[in-house]
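Written out below as structure tokens is the structure these notes cover.
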2 protein chains.
Amino acid sequence: MRKVFLFMDTVINKVDAKGRVSLPADYRAIVKELSTEIVCYRSLSAPCIEGCLEETLDKLANVIEDATDFFSETQDNLTNLIFGDARRFTFDSTGRIMLSEKLLKHAGISDTAVFVGKGRKFQIWNPQNWAKEEARIRAEVMKNRPVLKVNKDEK
Amino acid sequence: MRKVFLFMDTVINKVDAKGRVSLPADYRAIVKELSTEIVCYRSLSAPCIEGCLEETLDKLANVIEDATDFFSETQDNLTNLIFGDARRFTFDSTGRIMLSEKLLKHAGISDTAVFVGKGRKFQIWNPQNWAKEEARIRAEVMKNRPVLKVNKDEK
DNA sequence: TGGTATAACATGGTAAATTATGGGATTCAA
DNA sequence: TTGAATCCCATAATTTACCATGTTATACCA
């Protein structure tokens with residue numbers, strides 16, 4: 001029994017004529033072990049598909065419910081977009097999900113897709129687009145090294 | 001039952017044709033005792049592989065997860081790099097992990113690898129590269145002794 | 001302290017299981 | 001009945017699990 005559930009790694013899979021893609025085995029293992037489902041929606045910030053566990057969106061919904069901060073209204077708008085767009089994607093016995101035309105179009109994916117782990121979330125990109133995006137991010141990170149404080153709120 | 005979990009020492013192991021390497025026994029002991037897993041990724045700052053416990057990345061994910069940051073772009077970029085690159089590496093019954101081509105290439109490792117303890121993390125180097133790097137670091141430290149500021153609040 | 005028995009380890013090889021993916025067959029709805 | 005979605009089977013490639021052996025380190029005892 002694992003303790004930690006993170007979407008990681010970058011895996012390239014084929015999208016067949018029917019729009020089917022194998023969900024990476026690691027991702028499937030998480031879904032199974034937590035007996036939950038994958039949810040996907042169009043990313044609001046990039047030309048890619050974003051996915052996460054249903055629980056993750058549930059948490060988001062809870063926070064929005066009792067959000068009292070300044071940005072709550074903005075966030076509320078954003079969640080409208082997310083929840084309006086999101087859908088469950090269950091995988092079949094061979095581990096494949098069927099991405100919708102809408103999602104594929106948004107990400108510009110035709111016959112190949114690359115899954116990029118993001119911890120609690122993951123993204124699905126057109127391979128070429130991801131290559132460019134990764135290079136961009138890497139360059140930016142190298143330029144002004146941001147500090148990630150892992151132990152921020154640790155005691 | 002031990003109290004302290006640190007990756008230490010410098011161990012040289014062989015990498016076989018399939019990319020398999022024995023994880024140092026001490027490292028394995030830590031993983032087993034904490035019933036967790038090892039995660040490896042390309043170092044952002046050096047030509048080497050970096051590894052840590054899955055829990056370490058989980059802490060990072062928790063910080064990011066904070067729902068107010070659900071749509072944030074700043075840390076988002078960085079997690080793409082880290083989580084997109086990282087992967088769990090479970091060792092088999094004989095204690096070996098199988099390093100990916102990507103990681104080996106980044107570190108310039110072919111048939112020999114050296115594990116270097118770094119406390120909460122460790123690194124895997126090409127032996128020659130590590131020899132140079134160690135000499136460099138040692139010289140640097142000798143020249144201008146760094147000051148380690150310890151956070152008083154931490155225990 | 002020195003020597004030996006025992007256990008742990010690294011490492012090569014191989015067998016078994018998992019995974020990705022193509023191609024139908026079946027079902028359901030428009 | 002046509003098109004789409006779901007399910008099932010087959011297969012090749014990859015990954016993982018297991019066995020075997022020589023070597024090194026550790027524990028034990030005289």
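Residue numbers begin at 1 in each chain, while the letters A, B, ... track the order of the sequences.
Taking atom NZ on A/Lys18 and atom P on D/dC7, their separation rounds to 12 Å, with Å as the unit. One interatomic measurement links the two molecules: CD1 of B/Ile12 to C1' of D/dT23, which rounds to 16 Å at whole-angstrom precision. B/Arg96 has its CZ atom 15 Å from the P atom of D/dT15, to the nearest Å. Residue B/Asp16 contributes atom CG, which lies 13 Å from atom C1' of D/dT16 at whole-angstrom precision. The CZ atom of A/Arg88 sits 16 Å away from the C1' atom of D/dT6 (whole-angstrom rounding). Taking atom CZ of A/Phe89 as the reference point, atom P of D/dA5 lies 11 Å away to the nearest angstrom.
Nearest-nucleotide positions on DNA chain C place B/Lys14 closer to the 5' end than the other of A/Val21 and B/Lys14.
Salt-bridge annotation for B/Glu140 and B/Lys143: absent, with no side-chain N of the basic residue lying under 4.0 Å from a carboxylate O of the acidic one. The pair B/Arg87-B/Glu50 does not count as a salt bridge, with every side-chain nitrogen at least 4.0 angstrom from each carboxylate oxygen. With salt bridges taken as basic N to acidic carboxylate O contacts below 4.0 Å, one links B/Glu55 and A/Lys3.
At the heavy-atom level, B/Asp92 lies under 4.0 Å from base atoms of the strands shown. Note on B/Thr90: nothing from the nucleic acid sits closer than 4.0 angstrom, heavy atoms only.
On the nucleic acid side, DNA chain C contacts chain B at distances under 4.0 Å to non-hydrogen atoms, with the end points of that region at C/dC9 to C/dT14.
Between B/Tyr27 and B/Phe7, the ring planes are perpendicular. Angles over 60° get that label, and only those under 30° would be called parallel.
If you run side-chain hydrogen bond (donor to acceptor under 3.5 Å, both in side chains) between B/Asp16 and each of B/Lys14, B/Arg20, B/Lys18, only B/Arg20 comes through.
The two residues B/Lys121 and B/Cys52 have their closest heavy-atom pair at CG-CB, 4.0 Å. B/Ile49 approaches B/Cys40 most closely through the heavy-atom pair CG2-CB, 4.0 Å.
DNA chain D lies under 4.0 Å from at least one heavy atom of each of the following residues of residues 97-114 of chain A: A/Met98.
Applying the 6.0 Å contact sphere to CZ of B/Arg120 captures no more than 12 heavy atoms from other residues, nucleotides or ligands.
By the 4.5 Å heavy-atom criterion applied to side chains, B/Phe83 and B/Leu57 are counted as neighbours.
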